[in-house]
Protein chains: 2
Amino acid sequence: MLSFVEENYLKAIYHLSGSGERIVSTNSLAEEMSTTPASVSDMVKKLSQKAVVDYRKYQGVNISEDGKKLALHVIRKHRLWEVFLVDKLRFNWDEVHEVAEQLEHIKSPLLIQRLDEFLGYPKYDPHGDPIPDEDGLFTEKKKVPLDNLSSGGKGIMVAVNDSSASFLKYLDKMEISIGSKIEVVEVIEFDGSMDIRIDDRKNLTISNTVAQNILISQ
Amino acid sequence: MLSFVEENYLKAIYHLSGSGERIVSTNSLAEEMSTTPASVSDMVKKLSQKAVVDYRKYQGVNISEDGKKLALHVIRKHRLWEVFLVDKLRFNWDEVHEVAEQLEHIKSPLLIQRLDEFLGYPKYDPHGDPIPDEDGLFTEKKKVPLDNLSSGGKGIMVAVNDSSASFLKYLDKMEISIGSKIEVVEVIEFDGSMDIRIDDRKNLTISNTVAQNILISQ
DNA sequence: TATTTTTTTTAGACAAAACTAAATATTACA
DNA sequence: TGTAATATTTAGTTTTGTCTAAAAAAAATA
Ligand SMILES: [Mn+2]
Ligand SMILES: [Mn+2]
Ligand SMILES: [Mn+2]
Ligand SMILES: [Mn+2]
């Protein structure tokens with residue numbers, strides 16, 4: 001049984017490793033966890049002891065198969081709670097993350113099974129991220145950042161790359177949301193900013209940074 | 001801001017003091033918390049520092065007004081989550097307590113406000129216990145233990161005194177639940193056991209211990 | 001009232017998770 | 001290849017909450 005803190009480390013390792021593809025360095029993990037490299041060194045030894053990561057001194061960590069399962073289970077809970085908060089409790093999509101960070105650590109298999117059922121077995125969370133099933137399996141939507149498109153390109157927004165409250169609130173203000181039809185009117189060559197058309201309804205200009213964080217399917 | 005552990009101590013103090021009426025001894029608190037008197041001594045000093053209890057060495061603790069507010073807030077969350085689990089996620093009333101013990105520590109005023117609204121502002125939890133409002137106010141139903149009645153006495157079951165899973169499962173098996181009409185057919189003088197009639201439908205015999213833990217309103 | 005029993009507190013340790021400072025290994029590059 | 005810069009680990013503390021053993025206070029009782 002992992003502690004809250006261990007679960008958070010594991011989630012961060014899973015994330016930084018690109019779902020377990022790459023090795024994760026002590027410093028990058030320290031940065032992600034807002035802690036010191038020394039603390040990370042201590043913790044990865046413990047996680048290694050528990051066989052959820054593979055660790056060799058000075059070489060960084062690799063998440064193990066067991067570790068991946070556990071990380072995906074925490075992610076599953078996080079995303080299901082986010083759906084609950086938005087669909088049932090009328091939270092805005094920028095208000096859910098902090099609360100889900102707490103709720104994801106509640107231990108009760110029955111609770112999660114019933115919550116999933118209550119929500120109608122959702123496949124995606126409010127930010128378009130896929131919800132793993134009990135076995136950690138999920139199907140990622142094929143999606144590209146909006147800034148990959150050139151003039152005339154179009155697609156449907158399916159997710160965001162950045163789930164920060166400030167970005168999500170910006171999208172709200174611009175009336176861009178998941179499901180919006182987006183068409184690229186013009187790409188400004190100078191700085192990569194874009195003129196786009198939303199839902200055949202209105203045009204607006206967004207920065208390249210914004211375009212990078214809007215994910216669409218074509 | 002109190003830690004999980006501090007919140008649990010405070011809840012126990014509130015409970016043992018009879019909603020703040022009586023002083024609570026170190027030993028009784030240790031027993032309630034399944035810990036040692038030494039640990040309790042340490043902890044009550046910290047709680048006293050935070051002004052949620054009034055503590056004098058060798059004299060035990062009294063919960064303060066601030067402490068009472070905080071305890072009632074945790075109790076409010078506990079009971080609201082229990083209602084959620086039973087009403088929305090189809091948990092049985094004997095399955096909710098452990099999960100609510102975890103959920104009661106989630107910190108988010110918006111979450112609890114919206115949960116309350118989502119549940120339709122319930123006044124009682126699945127065990128008949130009152131749910132305090134945001135200010136800690138609640139109205140306790142007038143209720144007496146079934147074993148207070150004599151032959152011919154009757155009433156409606158409104159709560160249980162013992163919320164243990166084993167007692168609740170026993171009540172399920174006997175088909176006794178909150179809302180049941182209970183009539184005392186006969187009190188066995190020898191051991192205080194009772195013949196009772198449920199919902200004008202069936203008779204059965206219960207021990208005095210069971211009768212003590214069924215609360216009815218007349 | 002003196003003594004025994006019970007309750008409570010203190011002292012000293014430990015485990016988890018963090019930190020700072022110092023030591024050491026690795027990597028970069030002159 | 002040797003040195004400098006960077007990354008990582010180790011050592012030593014701190015905080016929170018726990019424990020056991022010993023000391024001290026309060027309560028019970030002879
Ligand atoms: Mn999130
Ligand atoms: Mn999300
Ligand atoms: Mn309960
Ligand atoms: Mn209850």
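So that the names make sense, note that chain A is the first sequence line, chain B the second, and so on, each numbered from 1.
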Please report the distance, rounded to the nearest Å, between [atom1] in [X] and [atom2] in [N].
| X | N | atom1 | atom2 | result |
| --- | --- | --- | --- | --- |
| B/Ile23 | C/dT8 | CD1 | P | 10 Å |
| A/Lys50 | C/dA15 | NZ | P | 14 Å |
| B/Leu29 | C/dT9 | CG | P | 11 Å |
| B/Leu47 | D/dT16 | CG | P | 12 Å |
| B/Glu6 | D/dT15 | CD | C1' | 12 Å |
| B/Leu2 | D/dT16 | CG | P | 13 Å |
| A/Gln59 | C/dT26 | CD | P | 7 Å |
| A/Met43 | D/dT9 | CE | C1' | 16 Å |

Inset, instruction - Could you check whether A/Tyr55 gets within reach of a base, just the sugar-phosphate, or nothing at all, counting any heavy atom under 4.0 Å? - result: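 The residue A/Tyr55 makes sugar-phosphate contact but no base contact.
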
Inset, instruction - Establish, from distance only, whether the side-chain atoms of B/Asp125 and B/Trp93 form a donor-acceptor pair under 3.5 Å. - result: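 Side chains of B/Asp125 and B/Trp93: no pair found under 3.5 Å.
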
Short side-chain N/O contact from [X] to OP1 or OP2 of [N], under 4.0 Å:
| X | N | result |
| --- | --- | --- |
| B/Thr26 | C/dT9 | yes |
| A/Ser41 | D/dT10 | no |
| A/Lys45 | D/dT9 | no |
| A/Thr36 | C/dC19 | yes |
| A/Lys57 | D/dT10 | yes |

Legend entry - Aromatic contact, A/Phe84 with B/Phe84 (centres under 6.0 Å):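 They qualify: ring centres under 6.0 Å apart.
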
Inset, instruction - Check DNA chain D against residues 13-20 of chain A and give the residues with a non-hydrogen atom under 4.0 Å, in numerical order. - result: none

When rounded to the nearest 0.5 angstrom, what is the spacing between [atom1] in [X] and [atom2] in [Y]?
| X | Y | atom1 | atom2 | answer |
| --- | --- | --- | --- | --- |
| B/Asn62 | B/Ile23 | CG | CD1 | 4.5 Å |
| A/His73 | A/Leu70 | NE2 | CG | 9.0 Å |
| A/Lys69 | A/Glu134 | NZ | CD | 11.5 Å |

Legend entry - From D/dT18, C/dA18, D/dA26, nucleotide with atom closest to B/Tyr9 side chain: D/dT18

Inset, instruction - Measure from the side-chain heavy atoms of A/Ser25 and tell me the nearest of C/dA18, C/dT10, D/dT8. - result: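 Selected nucleotide: D/dT8.
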
Inset, instruction - Could you check A/Ser34 against B/Asn27 and say which one's nearest nucleotide on DNA chain C is further toward the 5' end? - result: B/Asn27

Legend entry - Residue whose nearest DNA chain C nucleotide is more 5′ - A/Tyr58 or A/Ser39: A/Ser39

Inset, instruction - Check step by step if salt bridge (charged side-chain N to carboxylate O under 4.0 Å, His left out) holds for A/Glu7 and A/Lys107. - result: CA-CA 12 Å; A/Glu7 285 188 346; A/Lys107 265 120 191 148; 3.1 Å; yes

Legend entry - Test log, rule salt bridge (charged side-chain N to carboxylate O under 4.0 Å, His left out), inputs B/Arg79 and B/Glu104: CA-CA 8 Å; B/Arg79 294 180 180 165; B/Glu104 72 188 7; over 6 Å; no

Legend entry - Among A/Asp133, A/Asp129, A/Asp116, A/Asp135, salt bridge (charged side-chain N to carboxylate O under 4.0 Å, His left out) partner for A/Arg76: A/Asp116

